[in-house]
Undergrad: 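One structure follows; several queries about it will come next.
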Amino acid sequence: MKARALHTWDVNTAEAREIQRRLASEVVRLSPLDSDPKLVAGVDLSPPDQDGRARGAAVVVRLPDMGIVEVRTAEATPKMPYIPGLLSFRESPPILAALEKLTTIPDFVLVDGHGLAHPRRFGIACHIGLLLEIPTVGCAKNILRGRYEGLVAEQGAWAPLIDKDEVIGAAVRVKTGVSPIFVSIGHMVDLETAVRWVLACRDRIRLPKPIALAHNAAAGKLPEMAPGSQEQLELLT
DNA sequence: GCGACAG
DNA sequence: ATCTTGTCGC
Ligand SMILES: [Mg+2]
């Protein structure tokens with residue numbers, strides 16, 4: 001799995017926004033006719049340590065049992081600060097590096113952050129999916145753009161996330177009575193399928209298990225792991 | 001001009 | 001995002 005070099009990463013904020021506007025038109029909002037995923041990857045980036053170093057992580061999980069198949073990480077010093085709307089320019093490089101280390105190719109990638117639910121309809125999930133040409137789903141705990149109404153309390157319920165009369169994602173009730181998460185198309189998937197896939201990765205917590213595992217791996221709490229190494233660990237509650 | 005603002 | 005068990009409130 002190799003990321004295309006569609007642009008440079010050494011950009012200012014104005015250039016970054018322009019790149020997003022240009023690439024947004026390339027995002028594919030439909031699923032392949034055959035979409036029965038057997039492997040999913042979750043990705044995330046750690047906060048920087050005291051030296052400014054951050055770690056990107058990619059964890060491949062088998063479906064439907066969600067056993068860990070592979071864990072890869074990559075360290076880097078983010079050049080761009082966190083700016084709402086420009087998250088992908090900070091987090092993508094080390095995350096892509098971790099994904100490129102995978103020897104297992106997942107059927108899709110769950111990203112910690114939005115996809116189309118973004119001011120220019122090009123969140124980090126779109127960015128990663130477009131560069132790798134792989135289906136991706138954006139998954140966030142908070143809204144960046146849009147609003148929703150009428151979400152019932154039952155597990156599995158969802159309501160459209162709407163911005164300016166456009167459906168940009170879904171508020172999804174992963175657990176009954178718990179605040180929803182926000183799911184949006186990243187690349188090469190439709191919204192209904194994206195929601196299905198997220199629900200298929202349900203865990204004891206709000207975020208899908210592959211993302212939670214990537215979060216732990218990025219934090220150094222889950223060891224790197226090659227496919228086949230029959231480890232069962234999965235520390236932490 | 002002001003407020004809102006993924007991780 | 002980060003830190004940290006027990007505790008408070010619905
Ligand atoms: Mg994150």
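Residue numbering restarts at 1 for every chain, and letters A, B, ... go by the order of the sequence lines. Predicted model only: the values in this text are computed from it and were never measured.
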Undergrad: First locate atom CG of L63(A), then atom CG of D36(A), and finally report the distance between them rounded to the nearest 0.5 Å.
TA: 9.0 Å
Undergrad: Closer than 4.0 angstrom, basic N to acidic O: yes or no for R72(A) and E70(A)?
TA: yes
Undergrad: For F182(A) and dA4(B), give me the distance from atom CZ to atom P, rounded to whole Å.
TA: 17 Å
Undergrad: By the 4.0 Å heavy-atom rule, please label L45(A) as base, sugar-phosphate, or nothing.
TA: nothing
Undergrad: Send over the distance from D163(A) CG to dA6(B) P, rounded to a whole Å.
TA: 14 Å
Undergrad: For D163(A), is there an ion pair with R121(A) - N to carboxylate O distance below 4.0 angstrom?
TA: yes
Undergrad: How many whole angstroms separate atom CD1 of I181(A) from atom C1' of dA6(B)?
TA: 13 Å
Undergrad: Can Y82(A) be classed as stacking with the base of dA1(C), given a centroid separation cut-off of 5.5 Å and a plane angle cut-off of 30°?
TA: no
Undergrad: Tell me: CD1 of I95(A) to C1' of dA1(C), nearest whole Å?
TA: 12 Å
Undergrad: From the set dA1(C), dG7(B), dA6(B), return the single nucleotide nearest to any side-chain atom of H215(A).
TA: dA1(C)
Undergrad: Does a side-chain N or O from H127(A) land closer than 4.0 Å to OP1 or OP2 of dA6(B), or not?
TA: no
Undergrad: Whole-Å distance between dC5(B) C1' and L87(A) CG?
TA: 12 Å
Undergrad: So what does L86(A) hit on the nucleic acid, given a heavy-atom distance under 4.0 Å: a base, only sugar-phosphate, or nothing?
TA: base
Undergrad: If we only count heavy atoms from C-beta on, is the H187(A) to V109(A) side-chain gap below 4.5 Å?
TA: no
Undergrad: Provide, to the nearest angstrom, the distance between the CG atom belonging to D112(A) and the C1' atom belonging to dT2(C).
TA: 14 Å
Undergrad: What integer distance in Å separates R90(A):CZ from dG7(B):C1'?
TA: 8 Å
Undergrad: Please say which of I168(A), L151(A), V167(A) ends up in a side chain to side chain contact (heavy atoms under 4.5 Å, CB included) with P160(A).
TA: V167(A)
Undergrad: Hey, does G138(A) reach any base, or is it just sugar-phosphate, or nothing, if we go heavy atoms under 4.0 Å?
TA: nothing
Undergrad: Between I143(A) (CD1) and dG7(B) (P), how many Å, whole number?
TA: 11 Å
Undergrad: Please tell me if N142(A) has a side-chain N or O lying less than 4.0 Å from either OP1 or OP2 of dG7(B).
TA: yes
